[in-house]
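This report refers to the structure that appears directly beneath it.
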Amino acid sequence: MTDHALLLVNLGSPASTKVEDVRSYLNQFLMDPYVVDLPWPLRRLLVSLILIKRPAQSAHAYSSIWWPEGSPLIVLSRELQDAIAPHWPHGPVELAMRYGQPSIEGALRKLAAQGVKRVTLAPLYPQFADSTTTTAIEEARRVIREQGLKLEVSVLPPFFAEADYLDALVASAKPYLDQGFDHLLLSFHGLPERHIRKLVKDIDPQHDLRAPDSRGVSDEVLAVCYRSQCQRTAEAFAERAGLQPGQWSVSFQSRLGKDKWIEPYTETRLDELAKQGVKKLLVMCPAFVADCIETLEEIGQRGSEQFQEAGGQELVLVPCLNSHPQWVSALARLCETAVRPL
């Protein structure tokens with residue numbers, strides 16, 4: 001066993017479906033300044049208000065998708081960890097979550113105690129956002145600094161347009177595409193517009209957050225604009241899958257609060273597509289590499305009910321990449337080339 005470890009990082013999950021565990025998880029998540037980017041006093045006030053009712057609501061949602069083995073996200077991420085280990089001969093493969101357990105701190109301390117000298121940190125987010133990629137990287141930096149860990153860390157960059165990732169996405173979706181459908185909706189996780197505005201303001205203050213596609217977006221803006229990266233992923237996927245214009249569209253889900261979030265909203269698109277006569281709707285969620293509450297409950301359950309109530313007949317949720325063999329191989333290859341220093 002050599003001394004170069006791979007650390008897979010995803011978002012996280014409550015420890016259980018108990019309200020107190022969900023409250024603890026939501027507090028850690030929402031108090032992250034990269035998630036709710038308000039000054040601490042305002043953030044604390046807002047989160048405290050959210051935590052009055054949201055934990056019970058979320059606990060009910062988690063209960064509806066919880067597996068006997070535990071949280072789907074954790075179970076599926078463990079499966080990915082086990083599957084990629086034979087593809088990573090350089091050292092151990094660990095798994096961490098930004099919120100909840102297993103923690104980034106615990107994983108890095110464990111690796112350092114094993115004598116590991118180098119770590120490839122792999123945030124499992126195809127598209128970049130401060131609230132996902134940056135906060136995972138900053139937490140790793142904090143742990144290494146405060147714990148005095150002697151680790152050399154490289155980071156897997158966002159891979160939204162990497163051929164290996166896109167080909168795996170097509171391969172995983174192909175059985176569902178081949179069954180026939182009226183429309184494919186690629187639903188990405190949403191983001192407050194201000195999260196993007198503050199990143200692009202010095203590059204292109206006129207950047208269009210309503211643009212129907214990613215054409216004309218400069219490389220500099222694309223590097224930091226989550227919405228454009230999602231569009232680029234969708235466009236490249238559709239081209240590789242042989243989809244025609246009109247067969248597919250993009251939307252954004254999981255809004256929280258009253259701020260303006262990037263559009264179009266998935267909830268709106270579900271109603272529109274049903275009213276346009278779409279009967280069989282496929283939905284993919286390419287911002288996630290493992291199925292979780294946002295895919296299984298928000299789309300697979302509530303989204304399906306909404307679509308049928310609006311006049312559609314069937315919503316089919318296409319599973320995330322999870323531990324699909326082509327994705328496992330693709331991720332290993334991507335991590336091999338991750339040389340960007342922490």
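Just so it is clear, the model here is predicted, and its values are computed rather than measured. Heavy atoms only: backbone and side chains are in, while hydrogens, waters and symmetry mates are out.
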Inset, instruction - Using distance alone, with no hydrogens and no angle criterion, decide if Tyr226 and Asp130 have a side-chain donor and acceptor under 3.5 Å apart. - result: no
Legend entry - Pairs flagged by salt bridge (Lys or Arg N to Asp or Glu O under 4.0 Å) wherever residues 244-257 is involved - sequence neighbours left out: Arg255-Glu267
Inset, instruction - Compare every heavy atom of Ile299 with every heavy atom of Cys285, then report the nearest pair and how far apart it is. - result: SG-CG1, 4.0 Å
Legend entry - Lys/Arg N to Asp/Glu carboxylate O, Lys279 vs Glu314, below 4.0 Å: no
Inset, instruction - Could you state whether Leu124 and Leu11 fall into the same hydrophobic cluster, counting links through intermediate Ile, Leu, Val, Met, Phe, Trp or Tyr residues with side-chain heavy atoms under 4.5 angstrom apart? - result: no
Legend entry - Exercise: do Arg44 and Ser48 side chains pair donor with acceptor under 3.5 Å: yes
Inset, instruction - May I ask you to test the Asn27-Val47 pair for a side-chain heavy-atom distance under 4.5 Å? - result: yes
Inset, instruction - Report the residues that fulfil salt bridge (Lys or Arg N to Asp or Glu O under 4.0 Å) with Asp21, sequence neighbours left out, ordered by chain and then residue number. - result: none
Inset, instruction - Flag the pair Phe188 / Trp261 as yes when their ring centroid distance falls below 6.0 Å, and as no otherwise. - result: no
Legend entry - Under-4.0 Å salt bridge between Arg269 and Glu272: yes
Inset, instruction - Would you list the pairs meeting salt bridge (Lys or Arg N to Asp or Glu O under 4.0 Å) in which at least one residue belongs to residues 66-79, sequence neighbours left out? - result: none
Legend entry - Hydrophobic cluster identity match, Leu321 and Ile84, side-chain contacts under 4.5 Å: yes
Legend entry - Test salt bridge (Lys or Arg N to Asp or Glu O under 4.0 Å) applied to Asp178 - qualifying residues, sequence neighbours left out: Lys174
Inset, instruction - List in chain and number order the residues that pass side-chain contact (heavy atoms from CB on, under 4.5 Å) with Asp82, two or more places apart in sequence or in another chain; answer none if no residue qualifies. - result: none
Legend entry - Closest contact, heavy atoms only, Ala290 versus Ser77: CB-OG, 4.4 Å
Inset, instruction - List in chain and number order the residues that pass side-chain contact (heavy atoms from CB on, under 4.5 Å) with Val224, two or more places apart in sequence or in another chain; answer none if no residue qualifies. - result: Leu199, Val200, Ile203
Inset, instruction - Go through the structure and list residues passing salt bridge (Lys or Arg N to Asp or Glu O under 4.0 Å) with Glu294, not counting sequence neighbours. - result: none
Legend entry - Heavy-atom closest pair, residues Ser228 and Ser214: O-CB, 3.8 Å
Legend entry - Minimum heavy-atom distance His189-Ser254, with the two atoms named: NE2-CB, 3.3 Å
Legend entry - Side-chain touch Leu185/Val278, heavy atoms, less than 4.5 angstrom: no
Inset, instruction - Using the rule that two of Ile, Leu, Val, Met, Phe, Trp, Tyr join whenever any of their side-chain heavy atoms come within less than 4.5 Å, decide whether Ile50 and Leu26 are in one cluster. - result: yes
Inset, instruction - Report yes or no: do Val155 and Leu334 belong to one cluster of Ile/Leu/Val/Met/Phe/Trp/Tyr joined by side chain heavy-atom distances under 4.5 Å? - result: no
Legend entry - Sequence-distant partners of Asp37, salt bridge (Lys or Arg N to Asp or Glu O under 4.0 Å), two or more places apart: Arg194, Lys198
Inset, instruction - Mind telling me whether Tyr62 and Trp66 have parallel, tilted or perpendicular rings, with 30° and 60° as the class edges? - result: perpendicular
Pairs under 3.5 angstrom only: tabulate donor-acceptor contacts from the side chains of residues 104-113 to other protein residues two or more places apart or in another chain.
unit_1	atom_1	unit_2	atom_2	d
Glu105	OE1	Arg142	NH2	3.1
Glu105	OE2	Gln147	NE2	3.1
Lys110	NZ	Glu94	OE2	3.0

Inset, instruction - List the atom of Gln127, the atom of Pro158, and the distance in Å for their closest heavy-atom pair. - result: C-CB, 4.3 Å
Legend entry - Under 3.5 Å side-chain donor-acceptor pair for Glu298 and Gln253: yes
Inset, instruction - Please identify each residue that fulfils side-chain contact (heavy atoms from CB on, under 4.5 Å) with Leu209, with sequence neighbours left out. - result: Glu193, Ile196, Arg197, His207, Cys225, Arg227
Legend entry - Minimum heavy-atom distance Tyr265-Ser251, with the two atoms named: C-CB, 4.1 Å
Inset, instruction - Pick out which of Leu315, Leu317, Val316 makes a side chain to side chain contact (heavy atoms under 4.5 Å, CB included) with Leu281. - result: Leu315
Inset, instruction - For residues 111-121, pull every pair meeting side chain to side chain donor-acceptor pair (under 3.5 Å), keeping only residues two or more places apart or in separate chains. - result: His4-Thr120, Thr120-Ser154
Check residues 162-172 and write down every donor-acceptor pair under 3.5 Å in which the side-chain atom is one partner and the other belongs to a residue at least two apart or another chain.
unit_1	atom_1	unit_2	atom_2	d
Asp164	OD1	Arg333	NH2	3.3
Asp164	OD2	Arg333	NE	3.0
Tyr165	OH	Pro286	O	3.0
Asp167	OD1	Arg240	NE	2.8
Ser172	OG	Ala168	O	3.4
Ser172	OG	Leu169	O	2.9

Legend entry - Within one Ile-Leu-Val-Met-Phe-Trp-Tyr cluster: Phe237 and Leu331, side-chain cutoff 4.5 Å: yes
Legend entry - Electrostatic pair Asp213-Arg215, nearest N-O below 4.0 angstrom: yes
